[in-house]
4 protein chains.
Amino acid sequence: MSSTWGNKIRISVFGQSHAEAIGVCIDGLPAGERVDREELGRFMQRRAPGRSKVSTPRREADEVKILCGLVEDVTCGAPLAAIIENTNTRSRDYEFLKETPRPAHADYPAQVKYGGFQDVRGGGHFSGRLTAPLCIAGGICLQILARRGIEIAAHISSVGDVQDEGFDPMGLSRESLERLRAADFPTLSAEKGEEMSALILAASAEGDSVGGTVECIVTGLPVGIGGPLFGGLDGKIASAIFGIPAVKGVEFGAGFGAAGMKGSENNDPYTVKNGKIQTLSNNAGGILGGISTGMPVLFKTAFKPTPSITKPQQSVRLSTLEETELRVVGRHDPCIVPRAVPVVEAVTAIALLDALLEN
Amino acid sequence: MSSTWGNKIRISVFGQSHAEAIGVCIDGLPAGERVDREELGRFMQRRAPGRSKVSTPRREADEVKILCGLVEDVTCGAPLAAIIENTNTRSRDYEFLKETPRPAHADYPAQVKYGGFQDVRGGGHFSGRLTAPLCIAGGICLQILARRGIEIAAHISSVGDVQDEGFDPMGLSRESLERLRAADFPTLSAEKGEEMSALILAASAEGDSVGGTVECIVTGLPVGIGGPLFGGLDGKIASAIFGIPAVKGVEFGAGFGAAGMKGSENNDPYTVKNGKIQTLSNNAGGILGGISTGMPVLFKTAFKPTPSITKPQQSVRLSTLEETELRVVGRHDPCIVPRAVPVVEAVTAIALLDALLEN
Amino acid sequence: MSSTWGNKIRISVFGQSHAEAIGVCIDGLPAGERVDREELGRFMQRRAPGRSKVSTPRREADEVKILCGLVEDVTCGAPLAAIIENTNTRSRDYEFLKETPRPAHADYPAQVKYGGFQDVRGGGHFSGRLTAPLCIAGGICLQILARRGIEIAAHISSVGDVQDEGFDPMGLSRESLERLRAADFPTLSAEKGEEMSALILAASAEGDSVGGTVECIVTGLPVGIGGPLFGGLDGKIASAIFGIPAVKGVEFGAGFGAAGMKGSENNDPYTVKNGKIQTLSNNAGGILGGISTGMPVLFKTAFKPTPSITKPQQSVRLSTLEETELRVVGRHDPCIVPRAVPVVEAVTAIALLDALLEN
Amino acid sequence: MSSTWGNKIRISVFGQSHAEAIGVCIDGLPAGERVDREELGRFMQRRAPGRSKVSTPRREADEVKILCGLVEDVTCGAPLAAIIENTNTRSRDYEFLKETPRPAHADYPAQVKYGGFQDVRGGGHFSGRLTAPLCIAGGICLQILARRGIEIAAHISSVGDVQDEGFDPMGLSRESLERLRAADFPTLSAEKGEEMSALILAASAEGDSVGGTVECIVTGLPVGIGGPLFGGLDGKIASAIFGIPAVKGVEFGAGFGAAGMKGSENNDPYTVKNGKIQTLSNNAGGILGGISTGMPVLFKTAFKPTPSITKPQQSVRLSTLEETELRVVGRHDPCIVPRAVPVVEAVTAIALLDALLEN
């Protein structure tokens, strides 16, 4: 099923870029949870375009309209549905995409899959715009998790070949958390952030784009969430994260780096700190045998460069099978990673609340 | 749910390392498919221990007993269940693991999750031995896929810091496929294979272990399998692959490398070859917008080093919260990657048959 | 999960009686299917209140607003979401229901389950009003099924002790189908319909209500849909039908009557008619071993009397545990069965399209 | 999916009548629950054939072999799998069933669905023998529920036109519960039981069979289990019960009788008894708005007559489309209802434990 996810929390995402609205239905939220609309609005703002100099100038009001699921802003046990009406949709001809697919976009496989009936306007259901409803759902889950002492934060860990510092795998201070949430361009090192911005602007100036990675940390998760084999917390998070467009990889803890290690390097020794069992290192990324260890959950997500670039590219006319040159025009982020940061947090929040309630 | 996976093909894996049996129930196999038991046996042999000099000397008969689902070796539409009886289970005391958890094992989080009722004998339900039933299910799916022109192959792409060559992302010859399947230590470069073996033996000699990666290729998959958002073929494969114990990361196509690229480098241009639409490169790993493009599907999986090492490690007594030193004894592979190769193929086959039937 | 249903077609119903809107998200609709909005509107009208003399005088505009999922009224493969904005919601105090639960309503168990956070205004998420989104989803499925030669019809088969004639279990003429769909009070016997109306009005005059049954027939379904055990077509239909509020029973074919028969009476002999295999009778209701036989699918659904009656009833104050007398005021149908007829058709259509696509 | 059921408890039933074994895998059982094998054996005996004079003389050892999921008879959190090896399988030719389908059996629709590959030996996966693994799973769930104060009992409420007394909808004494469980032919009225037995023997003597109903009661279930719409406890139970072969209808509380009532008759008034909220009657069958009320859950299931009768029946040769006469030989129960009683209890236990853990 394309657009639903979850067992105890089930989200159904709907909408196309140029449809009347996009939105989400969230079933399974516990009753009695207050939804702070202002906080949700601030969270949505972090994903909104036009926020920093490296983002598309396209403005979206992105006003969240909660249709149901609340009584005086408190969850009532019924599904919560919310929509964002699409307003700023430039009408122009997208039909040519059915004939000349853009490289690295879903155009060609979608044309085959849907027999030409797919909505090609603005990317349709494949548009990055669909991450807005994910943020609505995730923003609400974040509030519910925070009330249970579970916090989620993410930062841009790389853009192109520029690497940010990494999270301290042993924890995250409240101050760092708040600083990241308030930042326009959330990195741990301000200097590296400047370098990344410069790289993005340079790519943009060339009509090009650039990829990057997002690192995410979860603190406060109790020991014992998840399960072996297909019940793993890592598998659950990964399956949700791959639902975000443009994701090409996910790794937990030391991740691909662990593949280069010896056991004696990778194994996290146990210790006792403040009367609690902890590990001295956290290569496991907080998950062993699919189950949370009580240490912070850490994972990194790889995002490919924005496929829409104005540089000329080679494509093919589907009707005649002739090769042709294509130039993609329009307003696109030269790097989606900055706006992907809250999306990763949102999707992680959905996955964790699901895991928590499933336990 | 810990041990079930799939929508159209649903597998339920069961068993603990020292239970009477381990096994799998597979529901949803199409009727009328012949199961070649000899071929399945050869496939199971690829995962069996004691096969190469780098593997544990422990021998398992691993005789597959198919209980139902077939009539004269042809699927009949009813679920297929198969078991492997556990015979070579050394009885010794494992109870100490409830008191002194091994680093990088599931011991501690499992103790918390199951309140001490988990089966600790030989790793219980967390044991790598549970990958044998995955291979039964996947081995059968591989046969069904092959009949539809879909082939899956994998190789050891790295051990520690030794890298094998990569698959040609444009395809795999029948000859290479067969050579990999017949190899005791499946690498593309024989020389690199020797280096890896040496590295594993050296680690083993030190009472240590080493991690590695497996690269997998799928050829012959038609265009149009999968879907956007949570219906993505990549997400489906990843969610299944994370079901394999010791997996720490999954990346598709250029993967984390794509995060370092520009759009003009990463985007795969379209071309026409033999009257068919193809791409000139395959950084996408055969998947765009969650949907197969018709190019080979390519992905890499990171495995952590075997957690069981004989070197002394620091742990904690759970009852007294005192730190203690632990030595893990027993017969363990110093590197699980060689035996993980067919497991990755098996799990990929299950995921692909599920995706194919779901379409 | 309270409000989602289905495997290949997944509907998520949302809304409360007095929320901003009620609606539905439908994932999995095949691409390329035209949605006839007028036909959908006519179908919705059959469920609308205030349509006949026996229904509540409350008028609802019930204007369906399709938010997404279509391109020029043709399904595009993305989820279809549609809402009905709530307009005619009399504001009055419902809080007393948390203190004094109405007999035969969900008030008391919901109060316990949701800890008092449930939406009690107009029945909240338990309101019969939630059958409107079911009709949107089902109305669309009906159009898709009709294009595949599958038709669904239902009639009021009883109200109180007045029984309508039964469907001919061997089939339904196009004429009867259309007559039922056009009728304000859909019965096969006009005379029995008059008797039922009279019974409803008499109950209403006494401040009472009355129950009844709906019989449903499905024609044109191919042989071979469904499966044994939990994959049964009957189980699938039943699980969906029990999602309709006030349903107390479902029976297929001869149903509870079959329990009183001998095998020689109940077994439907096979015959050949027009070169096709059929049965001479249809006590099976078109389903054997969970699989469709090619004969019409027939089933009956029991609806309890409307719980809201103006006659005084005994209840209890939850805070003091004192018994008290309750009078339910408001605008309620004295019999929900007439308006339930299209709802049964809608839910059956959803279940059948799911079964068809799953096959 | 044909043979899996459940959300928190997921059972996968496998096997064919003449396969090497039949069995079940149960995932999601809470850890730390003792399985009393003797009690389970006694429960299995209640379903075993050859137990009373009205049952088939065929004996099945039906020895349950638990393969995994336990450590010293206590659940360990891993899936529990159990099998029954098939021993007493008379080998004879069943192939003719692919050519000449038996009326009221799944032969014909299965032949179309599975293209002739289905297992026809002894009914294959459609055999009533598959209810034995349901009883293993349900028998274990019954033990777990009993530890939580929840008891399930059922009796033969009718055979043909002979009706047993009904359960007292307000509760069941421990004495009645135990008497029913110990009875060879479980009815409330011994006299009615004798009449039913006579009816079954008379049908058998004529080469015929007879149907009947089973009434089931659940006591001790807390208030608040279930949910509105598709989350209803009634829908969950019904979807599981329709997984039992030969079921043609399910009704809760007053059921189809409620359809003939007025609201003032059907609505159960609230009262206070021993400081607890109860209802004065229990027409609701313990469920309102899909949620348990704390009163006993009551429902009735209709079973059709055994389709296998020795009387000659009309069928059709599928290859030539000629009508033909068929005589079904073999050892069949002339009425499956007595042996269905524990099966209804078992399936109800699975459904309730799933609902309880889901809450």
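Proteins get letters first, then strands, A, B, ... in listed order; numbering begins at 1 in each. The basis for the numbers below is simple: all heavy atoms, side chains too, and nothing from hydrogens, waters or symmetry mates. In this text, all values refer to a predicted model and were calculated from it rather than measured experimentally.
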Contacting moiety of [X], where chain B heavy atoms sit under 4.5 Å:
X       : result
V112(A) : side chain
P101(A) : both
E265(A) : neither
T100(A) : neither
L280(A) : side chain
K300(A) : both
L326(A) : neither

Checking N283(A) against K304(B): is there a side-chain donor and acceptor pair closer than 3.5 Å?
no

Which pair of heavy atoms, one from [X] and one from [Y], lies closest together, and at what distance?
X       : Y       : result
P228(A) : H125(B) : CG-CD2, 3.6 Å
F230(B) : I11(A)  : CE1-CD1, 3.7 Å
N267(B) : P307(A) : ND2-O, 2.8 Å

Step by step, work out the side chain to side chain contact (heavy atoms under 4.5 Å, CB included) result for E323(B) and T271(A).
CA-CA 6 Å; E323(B) 292 182 358; T271(A) 186; 2.4 Å; yes

With a 4.5 Å cut-off on side-chain heavy atoms, are F242(B) and L229(A) touching?
no

Working to the nearest 0.5 angstrom, can you tell me the gap between [X] [atom1] and [Y] [atom2]?
X       : Y       : atom1 : atom2 : value
L321(A) : I277(B) : CG    : CD1   : 5.0 Å
D107(A) : T293(B) : CG    : OG1   : 13.0 Å
S239(B) : I237(A) : OG    : CD1   : 13.5 Å
T306(B) : N266(A) : OG1   : CG    : 10.5 Å
I309(B) : S264(A) : CD1   : OG    : 5.0 Å
Q314(B) : D268(A) : CD    : CG    : 11.5 Å

Using residues 248-263 of chain B as the side-chain source, report each donor-acceptor pair under 3.5 Å to any protein atom, sequence neighbours left out, with the distance given to one decimal.
unit_1	atom_1	unit_2	atom_2	d
K248(B)	NZ	A284(A)	O	2.8
E251(B)	OE1	F256(B)	N	2.7

Got a sec, which pairs hit ring-ring contact (aromatic ring centres under 6.0 Å, His included) with one end in residues 262-287 of chain A, sequence neighbours left out?
Y270(A)-Y108(B)

